[in-house]
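Take a look at the structure below.
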Amino acid sequence: MKFLLRSLGLFFITSASASLAATASVEQIDWGKLPDGRTAKLYTLKNRHGTTAKITDFGAVLTELHTPDRDGSFTNVVLGFDNLRQYVDNNTSFGATIGRVANRIAGAKFMLDGKEVRVTANSGSNQIHGGKVGFHRVLWDSRALPAAKGRAAAEFKYRAKDGEEGFPGNLEVTVTYTLTDDHELIIDYTATTDKPTPVNLTNHSFFNLAGHGDVLAHELEIRAKSYTPANEQLIPTGEIAPVKGTGLDFTKPTAIGARIKQYYPRPGGYDHNYVLDGKPGTRRLAARVVEPKSGRVMECYTTEPGVQLYTSNWTQPRRFGPSEYPPHAALCLETQHYPDSVNQPSFPSTILRPGETFRSTTSYKFSARK
């Protein structure tokens with residue numbers, strides 16, 4: 001039996017069989033007003049051990065993720081802002097849900113069923129991360145889900161209209177964040193459409209398992225023997241190449257900073273798509289990250305065929321809102337289909353058709369080494 005506890009505008013959904021301190025919980029608050037007067041909400045998911053994830057329905061953005069180190073001390077391990085206004089004023093991808101198409105579309109155009117489709121260009125002549133607005137700049141419908149044993153969740157829905165950013169079809173998208181008592185944040189995506197359209201959804205969180213400084217000492221392993229080479233604009237050439245013998249080889253745990261200067265000045269660090277081992281559509285380990293000092297470990301699992309490694313490649317300390325971050329302040333593991341798949345017939349297709357349902361799951365699981 002579930003019950004709803006209301007107090008001072010806070011909503012806790014939990015189980016009647018256990019106290020709040022002993023079970024997963026969801027808290028919902030009003031988080032502020034958008035420029036058009038609509039109210040954005042913030043959801044706090046907490047497991048029984050104290051691990052906490054915060055998500056706003058403005059962009060279905062993960063704003064905070066607090067996990068323990070080897071001594072049990074909690075730190076926020078994702079970059080983000082303190083309030084809604086800062087997200088509105090700073091058009092960054094911190095924690096963002098990216099869509100309708102993550103990553104790049106060459107020339108901001110593609111052929112679909114024999115017709116050319118032109119979409120919004122927002123990266124030179126190309127499109128990146130869905131266009132000028134993108135899913136991370138809109139208000140989603142949202143709700144807290146009733147807590148299940150060992151799980152707290154919130155659901156976000158958005159209807160991308162036919163023609164939005166140039167894409168065909170009304171696209172109905174649902175993103176569900178679930179935090180488990182095993183310290184795993186699970187992100188489930190589904191989508192349906194009334195016209196053929198490309199779909200490639202991801203989460204663009206910036207992780208720093210120390211909570212501060214740079215990530216050059218983080219040890220990274222990626223379960224990928226291949227990657228997709230790209231041109232100067234980071235558009236794939238269509239080739240699939242081995243990582244062996246290159247600075248992209250993370251098949252064994254390696255410090256991120258060990259070979260990163262091989263990729264200076266362009267793109268200034270890692271910004272590469274990896275072809276993950278294993279069968280796309282099946283949940284499997286994509287990457288593992290270890291922060292030696294804190295002992296924190298993050299494992300990334302996904303059903304997607306690829307993952308984009310990005311290492312915050314700004315060239316000097318950069319200020320976002322009230323915070324200043326050094327170069328390589330975080331790493332991103334953007335699970336996705338390969339960049340520019342709509343223009344690369346040899347890549348796994350991103351085209352969703354009426355009557356089909358797009359489904360994808362990615363999770364980030366945390367632990368700590370003694």
Side-chain angles (χ1 to χ4, degrees), residues 77-79 92-96 98 102-104 123 126 128-129 200 202-210 212-237 239-277 285-292 296-300 302 304-318 320 325-340 347 362 364:
V77 297
V78 296
L79 273 56
T92 76
S93 52
F94 288 169
I98 300 294
N103 220 304
R104 294 164 175 83
S123 178
N126 307 312
I128 187 170
H129 294 337
N200 188 16
T202 194
N203 178 272
H204 205 311
S205 287
F206 285 63
F207 294 98
N208 184 318
L209 299 188
H212 57 84
D214 63 50
V215 296
L216 297 179
H218 284 46
E219 296 169 0
L220 173 64
E221 177 186 357
I222 300 178
R223 298 290 180 90
K225 300 181 183 67
S226 305
Y227 75 107
T228 55
N231 64 19
E232 284 292 311
Q233 295 180 317
L234 302 182
I235 302 294
T237 63
E239 180 187 5
I240 303 291
V243 298
K244 188 175 181 179
T246 76
L248 299 174
D249 188 349
F250 287 96
T251 53
K252 295 181 180 179
T254 304
I256 288 173
R259 298 167 304 196
I260 196 170
K261 288 189 177 179
Q262 293 183 28
Y263 301 97
Y264 287 12
R266 180 70 174 164
Y270 293 106
D271 197 355
H272 296 80
N273 175 68
Y274 286 79
V275 177
L276 291 173
D277 299 342
L285 180 64
R288 180 183 288 112
V289 186
V290 178
E291 201 289 299
R296 286 190 183 86
V297 179
M298 182 178 76
E299 294 178 319
C300 174
T302 191
E304 286 295 300
V307 62
Q308 185 91 5
L309 170 64
Y310 175 62
T311 52
S312 307
N313 299 330
W314 39 87
T315 57
Q316 56 188 355
R318 189 172 174 186
F320 295 94
Y325 297 113
H328 311 304
L331 75 150
C332 304
L333 294 169
E334 305 159 56
T335 57
Q336 58 186 350
H337 276 57
Y338 312 154
D340 199 35
F347 288 179
T362 291
Y364 300 95

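Just so you know, these numbers come straight off a predicted model, no measurement behind them.
The backbone N or O of Lys225 lies less than 3.5 Å from a partner atom in the side chain of Asp277, making a donor-acceptor pair. Not a single donor-acceptor pair under 3.5 Å links the side chain of His204 to the backbone N or O of Ala96. With hydrogens and angles ignored, the 3.5 Å screen pairs no side-chain donor or acceptor of Thr251 with any backbone N or O of Asp249. Proximity of a side-chain donor or acceptor of Thr202 to a complementary backbone N or O of Thr335 within less than 3.5 Å is detected. For the pair Trp314 (side chain) and Tyr325 (backbone), a donor-acceptor distance under 3.5 Å is present.
Side-chain polar atoms of Asn103 and Gln308 form a donor-acceptor pair below 3.5 angstrom.
Between Thr311 and His328 there is a side-chain heavy-atom pair separated by less than 4.5 Å. Here the side chains of Asp214 and Pro327 are not in contact, with every heavy-atom distance at 4.5 Å or above.
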Query raised in the report: Can Ile240 and Thr228 be said to form a side-chain contact (heavy atoms from CB on, under 4.5 Å), step by step?
Result: CA-CA 5 Å; Ile240 303 291; Thr228 55; 3.6 Å; yes
Report task. Quick one: do Leu248 and Tyr263 satisfy side-chain contact (heavy atoms from CB on, under 4.5 Å)? Show the steps, please. Result -> CA-CA 9 Å; Leu248 299 174; Tyr263 301 97; 3.3 Å; yes
Report task. I would like to know whether Arg288 and Phe250 meet side-chain contact (heavy atoms from CB on, under 4.5 Å); could you show each step before the answer? Result -> CA-CA 10 Å; Arg288 180 183 288 112; Phe250 287 96; over 6 Å; no
Query raised in the report: Phe347 and His337: side-chain contact (heavy atoms from CB on, under 4.5 Å), yes or no, with the steps?
Result: CA-CA 8 Å; Phe347 288 179; His337 276 57; over 6 Å; no
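The aromatic rings of Tyr274 and Tyr227 sit tilted, their planes meeting at an angle between 30° and 60°. Relative orientation of the His272 and Tyr270 rings is perpendicular, given thresholds of 30° and 60° on the angle between their planes.
Each of Asp271, Leu333, Ile256, Asn273 was checked for a side-chain contact (heavy atoms from CB on, under 4.5 Å) with Leu309, and the lone residue meeting it is Leu333.
Here the shortest heavy-atom pairing between Pro339 and Pro236 reads O-CG, 3.4 Å. Counting all heavy atoms, side chain and backbone alike, Ala329 lies closest to Leu79 at O-CD1, 4.1 Å. Taking both residues in full, the closest heavy atoms of Ala330 and Ser312 are given as O-OG, 2.9 Å, listed atom of the first, atom of the second, then distance.
Taken from CE in Met298 to CG in Asn208, the straight-line distance is 10.5 Å, to the nearest 0.5 Å. The line from CG of Asn313 to OH of Tyr264 is 7.5 Å long, rounded to the nearest 0.5 Å. One finds the OG atom of Ser123 at 7.5 Å from the CD atom of Gln233 (value rounded to the nearest 0.5 Å). We find the CG-CG distance between Leu209 and Leu331 to be 7.0 Å, quoted to the nearest 0.5 Å. The distance from atom CD of Glu304 to atom CD of Gln336, rounded to the nearest 0.5 Å, is 8.0 Å. Atoms CD and CG, on Glu334 and Asn203 in that order, are 9.0 Å from each other to the nearest 0.5 Å.
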